[in-house]
Structures are given as C-alpha cells and as structure tokens.
Amino acid sequence: RNHLGDGMLVSAALALVTGIFCLTLLPHTPPGQSTRRPLAFLDGFRLLIDSRPFLILFAVSLVVSMMRPFFYNLGFLFFSDPVGIGLNSSLSTAVMSLGQIVEIAAMLILAAILRMFGSRWTILLGAAALALRFGVFALGEPVWFVIAAQGLHGIGFTFFSIGSIIAVEALAPRQRR
C-alpha cells in the first residue's frame, strides 16, 4: 500500500480538530467598532521612510524571505532526487526534520544569544547560517556535510525570524506596530 497520502489525512484531521476548537471553545471576540483610520497600515510604510534601521531590516527580511519558498518546496527533491543528493525518501524526510530539531534547540538558547549579542548580531548570525547552509547545498558534497548543514536551518530560521520580530518591536513605536 502506498502511504504518500497519509500525511494529508493527518493534516486534514488536525485541521478539523483545530477548526472545531476555534469555533466552539474560544471566547467570542467581535471586531472593534473603531473605523477612525481605515488606512492605518500606511503608518507602517511611513516607518520605512522615517527609520533607516527599519528600512534595512525590511530589505534584508525581504531577500531572506524570497529564498524560503524555494527551499520549502524543493528541499525534499534536492535531498531525494538522484541529480541532487540521492537519499531515499524516508531518509530525506529525516534530514528535512533535522532543521526543525535544531530549531527547537535554537529557541531554547535564543534569549541568551540576544542578551550576549543583541538583536542586530543575532539577526546577522541567522542570515549567515542560512547563507552558509545554501553554500554547502550548492557544493553538494560530501553528503554527510550537506546533511549536517541542514541543521543550520534551525539556527537561521530562529535567530533571523524571531530576532527580526524582536527588532521590529524595539524599532517601531507602539502605535505603528
């Protein structure tokens, strides 16, 4: 029997459970009645003009975010295709999960890293980890090194993404967040 659809069945069941939870157990929270500023989101764009550090963070985040869909959509193929690394499907899945395991560990040390280096260097460390990972992927060998580089996903994603969120909280005035 082919088990390729099993993940979709599990996802569908979890989505159904989540939907039931949200519709039945969460408190009723109607939208606010205030429509004083229907174009309030434009304040965010003004922040890009007014704050050079915020503009730089936005530009770097845009570039880093553009590479993510390629990896999420094609990473498994890179690991499993004979033209790529050529691992079997189950091993490719395990290698993809390696990044998520390291991500959990990175979340546990993130507060200490932020205290030691601050948000700017934490974000830079995350972006550097992502660049290094893709550089190793481009080399494509040795296979063990490519597999080990997948662990950099966890460091890159956690340090860059969460570090950026924390930086936005610090850079943006409360009324513009």
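Predicted model, so just to flag it, every value in this text is computed and none were measured.
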Those residues at least two apart in sequence (or on a different chain) that pass side chain to side chain contact (heavy atoms under 4.5 Å, CB included) with Phe58 are Leu48
Hits for side chain to side chain contact (heavy atoms under 4.5 Å, CB included) against Leu23, two or more places apart or cross-chain, chain-then-number order -> none
Full working for side-chain contact (heavy atoms from CB on, under 4.5 Å) between Asp50 and Leu55:
CA-CA 8 Å; Asp50 296 343; Leu55 177 62; over 6 Å; no
Thr24 meets the side chain to side chain donor-acceptor pair (under 3.5 Å) criterion, sequence neighbours left out, with none
Following the transitive rule for hydrophobic clusters with a side-chain heavy-atom cut-off under 4.5 Å over Ile, Leu, Val, Met, Phe, Trp and Tyr, establish whether Met116 and Leu114 coincide in one cluster.
yes
One should read off an interatomic distance between Ile85 CD1 and Ile147 CD1, to the nearest 0.5 angstrom, of 7.5 Å
dist Leu171:CG -> Ser164:OG (nearest 0.5 Å) comes out at 10.0 Å
**Q.** Close side-chain approach of Phe71 and Gln150, heavy atoms under 4.5 Å
**A.** yes
Is it the case that more than 12 heavy atoms not belonging to Met8 sit under 6.0 Å from its CE atom?
no
Checklist entry - Is Phe145 reachable from Met96 through a run of I, L, V, M, F, W or Y residues, each pair having side-chain heavy atoms under 4.5 Å apart? => result yes
Would Leu110 end up clustered with Ile165 when hydrophobic side chains under 4.5 Å apart are linked, directly or stepwise? no
Members sharing Leu26's hydrophobic cluster, built from side-chain contacts under 4.5 Å between Ile, Leu, Val, Met, Phe, Trp and Tyr, are Phe21, Leu25
So CD1 of Ile113 and CG of Leu108: to nearest 0.5 Å the spacing works out to 12.0 Å
Between Val136 and Ala149, the two heavy atoms sitting closest are CG1-CB, 3.6 Å
Across all chains, not counting sequence neighbours, the side chain to side chain donor-acceptor pair (under 3.5 Å) partners of Asn73 are none
The side chain to side chain contact (heavy atoms under 4.5 Å, CB included) partners of Ser51 (sequence neighbours excluded) come to Leu47, Pro53, Phe54
Residue pairs meeting side-chain hydrogen bond (donor to acceptor under 3.5 Å, both in side chains), one or both in residues 90-115, sequence neighbours left out, come to Asn88-Ser90
Using atom types as modelled, flag every donor-acceptor pair under 3.5 Å from a side chain in residues 118-130 to any protein atom, sequence neighbours excluded.
| residue | atom | partner | partner atom | Å |
| --- | --- | --- | --- | --- |
| Thr122 | OG1 | Gly118 | O | 2.7 |

Distance col, row Leu152:CG vs Phe134:CZ, nearest 0.5 angstrom, shows 10.5 Å
Does Phe157 belong to the same Ile/Leu/Val/Met/Phe/Trp/Tyr cluster as Ile104, with side-chain heavy atoms less than 4.5 Å apart forming each link? no
Residues at least two apart in sequence or cross-chain that pass side chain to side chain contact (heavy atoms under 4.5 Å, CB included) with Arg52, listed by chain then number, are Ile56
In short, ring pair (Phe, Tyr, Trp, His ring centres under 6.0 Å) pairs touching residues 79-110 with sequence neighbours left out are Phe79-Phe137
With a 4.5 Å limit on heavy-atom distance, are the side chains of Ile109 and Phe159 in contact?
yes
So CG of Leu62 and CG of Leu57: to nearest 0.5 Å the spacing works out to 11.0 Å
Side chain to side chain donor-acceptor pair (under 3.5 Å) filter on Ser161, not counting sequence neighbours, yields Arg68
Check your understanding: Do the side chains of Leu74 and Val64 join up, straight or via other hydrophobic residues, at under 4.5 Å, putting them in one cluster?
Key -> no
Those residues at least two apart in sequence (or on a different chain) that pass ring pair (Phe, Tyr, Trp, His ring centres under 6.0 Å) with Phe160 are none
In sequence, state the C-alpha distance, the side-chain angles, and the governing distance for Val83 and Leu77, and then conclude on side-chain contact (heavy atoms from CB on, under 4.5 Å).
CA-CA 9 Å; Val83 178; Leu77 290 175; over 6 Å; no
Query raised in the report: Does the pair Val17 and Ile20 meet the rule for a side-chain contact (heavy atoms from CB on, under 4.5 Å), with working shown?
Result: CA-CA 5 Å; Val17 169; Ile20 291 169; 5.9 Å; no
